[in-house]
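This report refers to the structure that appears directly beneath it.
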Amino acid sequence: MDYNFREIERKWQSYWKDNSTYKVDIDKSKPKCYVLDMFPYPSGAGLHVGHPLGYIASDIYSRYKRLCGFNVLHPMGYDSYGLPAEQYAIQTGQHPAVTTTKNINRYREQLDKIGFCYDWSREVRTCDPTYYKWTQWAFVQMFNSYYDNDCDKAKPISELIAKFAKEGSASVHAACSEELNFSAAEWAAMDEKKQQSVLMNYRIAYLADTKVNFCPKLGCVLANDEISEGLSIRGGYPVEQRVMRQWSLRVSAYAQRLLDGLDRLDWTDSLKETQRNWIGRSEGTEMRFKIKDKDIDFEIFTTRADTIFGVTFMVLAPESAYVDMVTTPEQRAAVDEYLAAVKRRTERERLADRRVTGVFSGAYAINPLTGKEIPVWISDYVLSGYGTGAIMAVPAHDSRDYAFAKHFNLPIIPVIEGCDVSEQSFDAKDGIMTNSGFLNGMTVKEAIAATKVYVKEHNLGRVKVNYRLRDAIFSRQRYWGEPFPVYYKDGIPHVLDEKSLPLELPEIENFLPTASGEPPLGHAKNWCTKEGYPFELNTMPGFAGSSAYFLRYMDPHNDNALVSREANDYWQNVDLYLGGTEHATGHLIYSRFWNKFLYDLGLICQDEPFKKLINQGMIQGRSNFVYRIKDTNTFVSLNLKDQYEVTPIHVDVNIVSNDVLDIEAFKNWMPDFKNAEFILEDGKYICGWAVEKMSKSMFNVVNPDVIVEKYGADTLRLYEMFLGPLEASKPWDTNGIDGVHRFLKKFWAMFYDKDQLNVSDAPLTAEELKSVHKLIKKVTADVESFSFNTSVAAFMICLNELSALKCNKKAALETLCILLAPFAPHISEELYHELGHNTTICDAQWPKYDEQYLKESNCKYAISFNGKVKNTMELPIDMSKEDVEKTVVSSETVTKILAGKPIKKVIVVPGKIVNIVF
RNA sequence: GCCGCAGUGGUGGAAUGGUAGACACGAAGGACUUAAAAUCCUUUGAACAGAAAUGUUCGUGCGGGUUCAAGUCCCGCCUGCGGUACCA
């Protein structure tokens with residue numbers, strides 16, 4: 001019987017399903033291992049061949065760990081709330097609930113064909129009320145918490161209220177939007193509304209007027225990580241700045257912990273670096289500048305306190321509150337005009353057009369160190385959201401200040417010895433200070449430290465750490481998301497109590513977003529509490545549901561808690577997390593924040609959610625082209641195309657095989673090509689190719705179902721791994737798949753003859769044992785280090801060796817089955833079963849290799865002369881270094897090659913090389 | 001600009017400082033076959049020499065260096081990819 005992968009795969013997939021083979025429960029007798037894939041958005045396009053890459057890798061690891069005796073949690077679910085799902089629904093004119101269910105079913109169907117070992121009984125969907133109850137619950141916890149900077153953790157807001165009542169704000173060091181100062185008496189005097197608005201300043205989930213990125217086309221605000229270069233990542237629509245009353249999460253309170261936590265994680269350096277950049281810690285000095293003749297001082301932030309003697313002007317961000325305070329009557333008109341012009345510009349225009357603009361405020365500030373008067377300008381190159389929204393400008397040593405100074409003809413004073421600032425600024429942080437009073441002669445580093453001390457001693461400011469990381473804007477003016485468990489009473493937001501959760505998303509007819517930003521939930525009927533208090537109309541963003549799903553998998557059906565203490569104590573956190581790099585600054589920041597918050601509340605036992613993280617590469621498309629001769633319906637093969645004037649046309653890669661076009665299929669592909677004619681080479685039409693993004697419009701989408709149908713899931717799995725290193729991006733190229741398929745056919749044919757297994761009970765010979773143990777060693781090491789491509793190659797080598805030895809022995813097959821099971825579970829399961837086992841291969845044990853079989857009796861030395869290898873020689877393995885040297889040097893070949901030349905040195909590396917230097 | 005990663009045959013890609021190109025694809029030749037498919041075998045980095053076995057030289061983006069020995073380590077470039085950016 002030939003290798004009938006269709007029947008084998010169908011058989012085992014239904015067996016695993018019927019017997020719940022991969023269902024896991026807490027089992028304290030075994031060590032746990034939690035292997036997780038980033039769960040997918042069920043998009044309308046279904047899975048293409050790139051999606052399963054990471055899933056296959058994690059599946060291999062899960063199966064391997066299971067065979068090693070671990071109790072492996074390997075779940076899967078769907079991130080089904082949020083923009084992508086809703087956009088798809090809008091585009092197809094259907095209700096998102098309908099399309100989401102449909103898409104999920106399609107995903108599941110495709111996933112099932114690949115033979116994953118997911119425990120589907122633990123599936124979660126973020127749009128399911130039993131799931132989002134816990135998303136809402138977490139929000140309530142955040143609303144009821146504040147961040148205490150003294151203990152560096154989140155605490156109940158009730159403790160803060162008690163402190164306010166006792167001693168006012170004096171002893172409170174909490175993360176907040178704005179520093180407030182009030183006494184216990186003042187607190188007591190505040191009415192309910194005032195107190196609530198003060199508390200809002202401290203809550204971890206808070207409501208505030210915030211400058212947001214609003215995308216009119218999506219009808220919705222977006223978080224910073226959802227935007228790139230002024231355009232929305234989803235859809236690529238323009239984004240503008242607006243001030244809106246929005247819910248936010250105080251992620252910034254966790255900036256330092258998010259940064260510190262990275263050191264303890266087994267993630268790639270590049271990903272950690274991306275997060276470090278995103279968090280953007282910068283240590284500097286906050287300094288107070290007085291305005292001349294006015295009782296105003298304002299603070300600036302700088303990392304280059306050393307350059308204070310080079311300050312020649314100040315710049316305020318246009319949105320800064322100081323603008324209004326410092327502007328002189330004479331300059332009022334000019335300033336107003338400038339502010340209006342800035343406001344008109346969209347974020348995108350501002351980014352695209354970086355011309356220097358600005359206006360003089362009329363005011364002068366006093367340099368606190370030199371006492372000199374310096375003009376105060378207003379310009380949009382200073383950002384209101386970073387630092388204090390005001391800077392001291394040192395044109396000699398900052399390229400932006402330099403451009404501004406040149407444009408407006410402001411003085412430039414260099415303060416570092418020997419630098420030339422006639423053409424450009426000198427930004428480097430090294431050199432010796434000059435023109436700088438008491439700093440003269442110091443290095444930049446010393447000067448920064450000295451200035452900090454000076455500023456502190458003279459009470460001119462303080463040392464300050466700034467972070468680029470902003471609070472996460474948490475409201476979306478969209479329908480398809482978690483409703484906030486919030487109602488308004490006299491305009492004051494209140495959260496629902498736990499018993500009333502979940503607050504279910506109401507059915508509405510018109511769920512379309514609006515360009516003005518009115519939330520669609522405004523259309524919902526009776527969207528209020530029993531008492532008639534209106535509910536919040538915004539919904540939560542996409543990352544809400546994905547921020548704690550890894551915890552829910554531990555205990556997915558628990559009605560009383562997000563995760564029980566018992567389940568969390570056992571499963572702890574994710575041992576291996578697999579997904580794309582695109583989540584580096586979004587999901588992977590938010591979920592770490594969310595997890596740390598729950599940890600602070602003592603609800604979970606680990607403060608980092610993902611111990612090890614691997615980013616699988618993207619699979620790009622490999623497009624094929626045909627070449628149409630201009631103004632004809634004739635197509636010319638690739639290598640002849642230069643003789644004609646041709647237009648390349650994308651052709652569906654599914655009708656091309658090894659770059660050879662299926663001409664009949666092409667004629668039937670589109671009506672236009674029905675009567676196409678061809679100029680062939682060697683009787684074939686060869687197509688051109690290029691690597692592009694995998695997309696429908698390039699006709700280069702390859703669907704995993706098609707591969708499974710043609711070659712089987714085992715071949716697909718092996719091939720995706722064989723394609724190259726897991727972390728590398730690579731084009732999908734079907735050209736090599738035959739080789740992997742051939743391997744499985746050979747494997748089958750070697751042990752299966754006619755209608756039955758043809759294996760002997762004979763023990764393995766030394767050579768066979770060596771081959772098998774070499775494989776065990778290699779595959780074990782490779783799987784541990786995620787080098788799946790080289791382990792596939794190792795299987796092929798071993799099979800070739802055994803085949804050359806005509807080894808169709810039971811002992812060899814059994815070991816091969818177990819080793820191959822993680823990679824190609826169906827064929828392994830079938831052959832394992834045929835060997836007489838009546839349990840699944842999951843009950844087998846990963847084999848251990850034995851060094852004694854790998855030992856060689858002889859050892860091959862490479863003999864090199866001056867580093868160049870000229871010969872090899874086999875010598876007994878137990879020979880001493882000295883004896884090897886003697887034997888080699890006295891050997892005939894060496895004597896011949898040396899021909900009497902004197903030997904300077906002989907280097908012997910045991911088992912490897914003998915180098916003779918002459 | 002800054003940060004990170006990479007550059008090896010016709011192709012995808014292997015190589016704890018120790019015989020570069022494993023394994024696979026493709027290609028060429030051969031076997032089986034009426035033929036094709038499938039399968040199997042041989043060759044396959046380049047150049048030169050040789051009837052042949054084989055030998056010689058050159059070869060991991062470029063230029064230097066360390067070393068008996070460098071794809072691998074160090075310094076200086078070039079190119080490509082990814083991230084990020086008026087962040088003071």
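Every chain is numbered from 1, with letters handed out A, B, ... down the list of sequences.
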Per-nt protein contacts along nucleotides 20-25 of chain B (heavy atom under 4.0 Å; B base, S backbone sugar-phosphate only, - none) come out as --BBSS

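- Using a 4.0 Å heavy-atom cutoff across all strands shown, A/Leu723 reaches sugar-phosphate atoms only and no base atom.
- Salt bridge present: A/Glu851 and A/Lys777 bring a charged side-chain N and a carboxylate O closer than 4.0 Å.
- Remark: A/Arg276 fails to qualify as a cation-pi partner of A/Trp267 under the 6.0 Å distance and 45° angle criteria applied to the six-membered ring.
- Residue pairs meeting the salt bridge (charged side-chain N to carboxylate O under 4.0 Å, His left out) criterion with at least one partner in residues 379-396 of chain A, sequence neighbours excluded, are A/Arg345-A/Asp380.
- Stretches of at least 3 consecutive Watson-Crick or G-U wobble pairs, with each checked distance under 3.5 Å, appear in RNA chain B as B:1-7 with B:78-84, B:10-12 with B:23-25, B:26-31 with B:39-44, B:45-49 with B:54-58, B:61-65 with B:73-77.
- Residues passing the side-chain contact (heavy atoms from CB on, under 4.5 Å) test with A/Lys905, sequence neighbours excluded: A/Ile907, A/Val917.
- Annotation: B/G9 and B/U66 have their C1' atoms spaced 29 Å apart (nearest Å).
- Between A/Lys745 and B/U39, a side-chain N or O to OP1/OP2 separation shorter than 4.0 Å is present.
- Checking B/U19, B/C86, B/C3 against every side-chain atom of A/Ala862, the shortest atom distance belongs to B/U19.
- Rounding to the nearest 0.5 Å gives a distance of 6.0 Å between CG of A/Leu469 and CD1 of A/Ile589.
- Listed nucleotides: B/G18, B/A85, B/U19. Nearest to the side chain of A/Trp278: B/A85.
- Counting only N and O atoms by type, the side chains of A/Asp2 and A/Tyr752 include no donor and acceptor under 3.5 Å apart.
- For B/C58, one of the phosphate oxygens OP1 or OP2 lies less than 4.0 angstrom from a side-chain nitrogen or oxygen of A/Lys868.
- Side-chain N/O atoms of A/Lys730 include none lying less than 4.0 angstrom from OP1 or OP2 on B/G12.
- Residue A/Ser864 is the one, among A/Thr302 and A/Ser864, whose nearest nucleotide of RNA chain B lies closer to the 5' end (criterion: closest heavy atom).
- When heavy atoms are screened at a 4.0 angstrom cut-off, A/Val909 is found touching base atoms of the nucleic acid.
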Decide yes or no on side chain to side chain donor-acceptor pair (under 3.5 Å) for A/Asp471 and A/Ser252, but give the supporting numbers first.
CA-CA 5 Å; A/Asp471 288 347; A/Ser252 61; 2.5 Å; yes

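- For A/Asp269, the CG atom is loosely surrounded, since the number of other residues' heavy atoms within 6.0 Å does not exceed 12.
- Where A/Asp401 and A/Asp733 meet RNA chain B, the nucleotide closest to each residue was compared, and A/Asp733 sits on the side nearer the 5' end.
- Rounded to whole Å, the distance from CZ on A/Phe426 to P on B/G1 is 17 Å.
- In this entry the base of B/G9 is syn relative to its sugar, with a glycosidic angle within 90° of 0.
- Phosphate contact (OP1/OP2 of B/G83, side-chain N/O of A/Ser270, threshold under 4.0 Å): absent.
- Of the candidate nucleotides B/U84, B/G18, B/A88, B/A88 has the atom nearest to the side chain of A/Thr303.
- Comparing B/U56, B/C3, B/A88 by their nearest atom to the side chain of A/Phe301 picks out B/A88.
- The distance from atom CD1 of A/Ile374 to atom CZ of A/Phe313, rounded to the nearest 0.5 Å, is 9.5 Å.
- Surrounding CD of A/Glu784 are more than 12 heavy atoms belonging to other residues, nucleotides or ligands, all under 6.0 Å away.
- Taking a cutoff of 4.0 Å between a charged side-chain nitrogen and a carboxylate oxygen, A/Glu283 and A/Lys464 do not qualify as a salt bridge.
- Between the CG atom of A/Asp398 and the P atom of B/G1 there is a distance of 17 Å, given to the nearest Å.
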Close N or O pairs between protein and nucleotides 48-50 of chain B (under 3.5 Å):
none

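- Close to B/A88, at under 4.0 Å from its OP1 or OP2, lies a side-chain N or O of A/Tyr386.
- Atoms CG and CG, from A/Asp782 and A/Asn789 in turn, are 8.0 Å apart once rounded to the nearest 0.5 Å.
- Protein atom CG of A/Asn615 is 12 Å distant from nucleotide atom P of B/G83, rounded to whole Å.
- No contact: A/Arg281 has no heavy atom under 4.0 Å from any strand.
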Donor-acceptor list for residues 859-873 of chain A side chains, cut-off 3.5 Å, not counting sequence neighbours:
unit_1	atom_1	unit_2	atom_2	d
A/Tyr861	OH	A/Gly911	N	3.3
A/Ser864	OG	A/Asn915	OD1	2.7
A/Asn866	OD1	A/Phe918	N	3.2

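- Looking at heavy-atom distances under 4.0 Å, A/Pro731 makes no contact with the nucleic acid at all.
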